[in-house]
Amino acid sequence: MACAESRTKTIEVGDYDLDATLTSGQAFRWRKKDRSWIGIVQGRWVRLTPAESAIVADAATDIGDWSWLTDYLQTGLDLGRVIQSFPQDPAMNAAVTACRGLRLLRQDPWECLASFILSSTKQILQIQQIVSLICQRFGAPITMGDGQEPAWAFPAPERLAGLSETELRACKMGFRAPFLLCAARAVAEGKLDLKNLNRLSIESARAELVKLHGVGEKVSNCVLLFAFGRQEAFPVDVWIAKALRQLYFPRRKLSLKQLQAFATKHFAPNAGYAQQYLFHYVRMKGIATRR
DNA sequence: TGCCAGGTAATGT
DNA sequence: ACATTACATGGC
């Protein structure tokens, strides 16, 4: 009976803050409707509703094996153990207190790579808009739940590889269009093997990613962290750089490279997880105090 | 309106 | 090696 097919599944999990997780700038396709979150995972429509020590998931079709979703949500992770591994300092403690229940997702590598190629010097809201546009225009239509609006899968690399730069620029991505096109072609042609990237050491995997035009240290670390589960990867963006300088080095001026080296060491072994707590913490504070 | 956005590559010291 | 700048587009 555990294998019975159903459209609904209650995933037992404590310490899971869906709002924090889905608004923390790691994934860009989730939309909130009432108390629920609606999104597309592995080409399937799904609605997630928080419950007491659980997440209730509704799919558009009967599902036997829900591992595509539990893998994505990482509901099996022992969050307490990860948080225990964080360094004990005032900034980290404040972030953990403020963001308890924030999780890292395990995303599809291509969607993650493409999204973060589009992310450079864009606000998260704008990244969401661009991603939404390319999905609508180039993604495969998805089987929908009753009364739900139409939805599309994230476009496959083969699909984007066949487009012109002009068609991509029409999705408001500006100078990032050729970067996305090159990445799509590299994956479609097998020059970048995302399927087997996670077999490599983190340094080798990063080196492969950085070969792509438009992919540097930060974007490669996002992909390693958010898609490949390399929790030692620590993406340094403008928010994190500002936070590290303020919280840890208030009167020294460190370069990005120095910040990167400090953070990777200081927050190990789950530096990337710690990074997500700091990122969400300072960003929520920053947005809340903005006027 | 002008500043800035989950950066990167090219160019200038 | 390290600092500066161009790059599209749009939110606030």
Side-chain angles (χ1 to χ4, degrees), chain A residues 20-30 95 99 102-105 107 111-134 137 164-183 186 192 206-228 230-231 233-247 252-264 267 271-291:
Chain A
T21 300
L22 300 180
T23 61
S24 64
Q26 39 178 334
F28 302 101
R29 300 199 64 194
W30 291 93
C99 308
L102 172 63
R103 302 277 188 141
L104 284 181
L105 302 167
Q107 301 183 56
E111 175 171 342
C112 186
L113 171 62
S115 299
F116 279 97
I117 284 173
L118 298 173
S119 76
S120 69
T121 55
K122 278 290 181 195
Q123 296 179 0
I124 287 177
L125 178 59
Q126 297 178 337
I127 303 167
Q128 291 170 346
Q129 291 167 348
I130 297 168
V131 168
S132 173
L133 269 177
I134 61 173
R137 294 190 184 174
S164 68
E165 189 182 313
T166 309
E167 288 173 291
L168 287 177
R169 278 184 188 264
C171 298
K172 322 276 190 193
M173 66 184 74
F175 63 83
R176 303 155 195 83
F179 300 158
L180 181 59
L181 194 52
C182 284
L192 175 61
R206 188 184 289 115
E208 286 302 306
L209 292 168
V210 168
K211 284 180 185 170
L212 297 173
H213 213 59
V215 176
E217 199 77 4
K218 192 270 177 183
V219 169
S220 62
N221 278 327
C222 285
V223 176
L224 289 167
L225 183 61
F226 300 141
F228 291 113
R230 296 298 185 96
Q231 292 184 14
F234 191 105
V236 178
D237 76 304
V238 289
W239 287 93
I240 283 290
K242 197 189 308 176
L244 290 178
R245 286 176 173 135
Q246 268 177 19
L247 299 170
R252 282 212 286 156
K253 87 176 200 29
L254 300 196
S255 70
L256 281 182
K257 181 157 286 215
Q258 291 172 305
L259 289 174
Q260 177 80 69
F262 161 76
T264 305
F267 298 102
Y273 230 106
Q275 174 275 159
Q276 198 64 11
Y277 271 79
L278 288 171
F279 177 81
H280 192 61
Y281 172 58
V282 297
R283 191 167 161 265
M284 290 306 96
K285 257 196 334 184
I287 291 175
T289 57
R290 184 173 301 169
R291 188 81 13 208

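We name chains A, B, ... by the order of the sequence lines, and we start the count at 1 in each one. From a predicted model like this one, the values you see are computed outputs, not experimental measurements.
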Inset, instruction - Please confirm whether any donor atom in the side chain of A/Gln276 sits under 3.5 Å from an acceptor in the base of B/dG6, or the reverse. - result: yes

Inset, instruction - Using a 4.0 Å heavy-atom cut-off across all strands, classify A/Gln258 as base, sugar-phosphate, or nothing. - result: nothing

Inset, instruction - Could you tell me whether the side chain of A/Gln129 has a donor or acceptor atom within less than 3.5 Å of a complementary atom in the base of C/dG11? - result: no

Legend entry - Pairwise P distance, B/dT1 and C/dA8 [rounded to whole Å]: 22 Å

Legend entry - Nucleotide nearest A/His213 (side chain, heavy atoms from C-beta), chosen from B/dG6, B/dA9, C/dG11: B/dA9

Inset, instruction - Identify whether any heavy atom of A/Ser115 sits under 4.0 Å from a base atom; if not, whether one sits that close to sugar-phosphate; answer base, sugar-phosphate or nothing. - result: nothing

Inset, instruction - Could you say whether the aromatic ring of A/Phe279 and the base of B/dG6 stack, counting only centre distances under 5.5 Å and plane angles under 30°? - result: yes

Legend entry - Nearest listed nucleotide, side chain of A/Lys242, among B/dA5, B/dG6, B/dG7: B/dA5

Inset, instruction - Start with the C-alpha gap between A/Leu212 and A/Val219, add the side-chain angles, then the distance that decides, and say whether side-chain contact (heavy atoms from CB on, under 4.5 Å) holds. - result: CA-CA 11 Å; A/Leu212 297 173; A/Val219 169; over 6 Å; no

Inset, instruction - Give the nucleotide from the list C/dA8, C/dG11, B/dT8 with an atom nearest to the side chain of A/Lys218. - result: B/dT8

Inset, instruction - Answer with base, sugar-phosphate or nothing: what part of the nucleic acid does A/Leu256 contact at a heavy-atom distance below 4.0 Å? - result: nothing

Inset, instruction - Measure the spacing between NZ of A/Lys242 and CG of A/Leu278 and express it to the nearest 0.5 Å. - result: 14.0 Å

Inset, instruction - Give one of base, sugar-phosphate or nothing for A/Phe179, where a contact means two heavy atoms less than 4.0 Å apart. - result: nothing

Inset, instruction - Please state how far atom CG in A/Leu125 lies from atom C1' in C/dT9, giving the value in whole angstrom units. - result: 12 Å

Legend entry - Along DNA chain B (nearest heavy atom to each residue), the more 5'-positioned of A/Val210 and A/Lys122: A/Lys122

Inset, instruction - Find the partner of C/dA3: check Watson-Crick (N1-N3 plus N6-O4 or O6-N4) and G-U wobble (N1-O2, O6-N3) distances, both under 3.5 Å, and reply none if neither fits. - result: B/dT11

Inset, instruction - Just name whichever nucleotide pairs with C/dT9, Watson-Crick or G-U, keeping both distances under 3.5 Å, else none. - result: B/dA5

Legend entry - Whole-angstrom distance between C/dA6 and B/dC3, as gauged at atom P: 15 Å

Inset, instruction - Give the rounded distance in Å between these two atoms: CG of A/Leu113 and P of B/dT8. - result: 12 Å

Inset, instruction - Can you see which heavy atom on A/Ala241 is nearest to which on A/Leu256, and at what distance? - result: CB-CD2, 3.9 Å

Inset, instruction - Measure the distance from CZ on A/Arg206 to P on B/dT8 and round it to the nearest whole Å. - result: 12 Å

Inset, instruction - Provide, to the nearest angstrom, the distance between the CD atom belonging to A/Gln123 and the C1' atom belonging to C/dA8. - result: 14 Å

Inset, instruction - Starting at atom CD1 of A/Ile124, determine the distance to atom P of C/dG11, rounded to an integer number of angstrom. - result: 15 Å

Inset, instruction - Dump the intermediate steps for ring-ring contact (aromatic ring centres under 6.0 Å, His included) on A/Phe116 and A/Phe28, then the final yes or no. - result: CA-CA 10 Å; A/Phe116 279 97; A/Phe28 302 101; 5.3 Å; yes

Legend entry - Protein-nucleotide distance (A/Leu118, atom CG; B/dG7, atom C1'), rounded to Å: 12 Å

Legend entry - Distance test, side-chain N/O of A/Arg176 to OP1/OP2 of C/dC7, below 4.0 Å: no

Inset, instruction - Name the closest nucleotide to the A/Thr121 side chain, picking from B/dG6, C/dA3, B/dA5. - result: B/dA5

Inset, instruction - Would you classify A/Val215 as touching base, sugar-phosphate or nothing, given that sugar-phosphate means primed atoms plus P, OP1 and OP2, and contacts are heavy atoms under 4.0 Å? - result: sugar-phosphate

Inset, instruction - Give the rounded distance in Å between these two atoms: CD1 of A/Ile127 and C1' of C/dA8. - result: 14 Å

Inset, instruction - Would you classify A/Phe226 as touching base, sugar-phosphate or nothing, given that sugar-phosphate means primed atoms plus P, OP1 and OP2, and contacts are heavy atoms under 4.0 Å? - result: base

Inset, instruction - Check whether any side-chain nitrogen or oxygen of A/Lys172 sits under 4.0 Å from OP1 or OP2 of C/dG10, and answer yes or no. - result: yes

Legend entry - Side-chain donor or acceptor of A/Gln260 paired with backbone N/O of A/Lys257 under 3.5 Å: no

Legend entry - Backbone of A/Gln26 reached by a side-chain donor or acceptor of A/Gln107 within 3.5 Å: yes

Legend entry - Side chain A/Arg137, main chain A/Ala170, donor-acceptor under 3.5 Å: yes

Inset, instruction - Tell me what A/Gly25 touches on the nucleic acid: a base, only sugar-phosphate, or nothing, going by heavy atoms under 4.0 Å. - result: base

Inset, instruction - Sticking with atom P, work out how far C/dT4 lies from B/dC4, rounded to a whole angstrom. - result: 15 Å

Inset, instruction - Select from A/Ser255 and A/Phe175 the residue whose nearest nucleotide in DNA chain C is closer to the 5' end of that strand. - result: A/Ser255

Inset, instruction - Take atom CG of A/Leu209 and atom P of B/dT8, then tell me their distance rounded to the nearest Å. - result: 11 Å

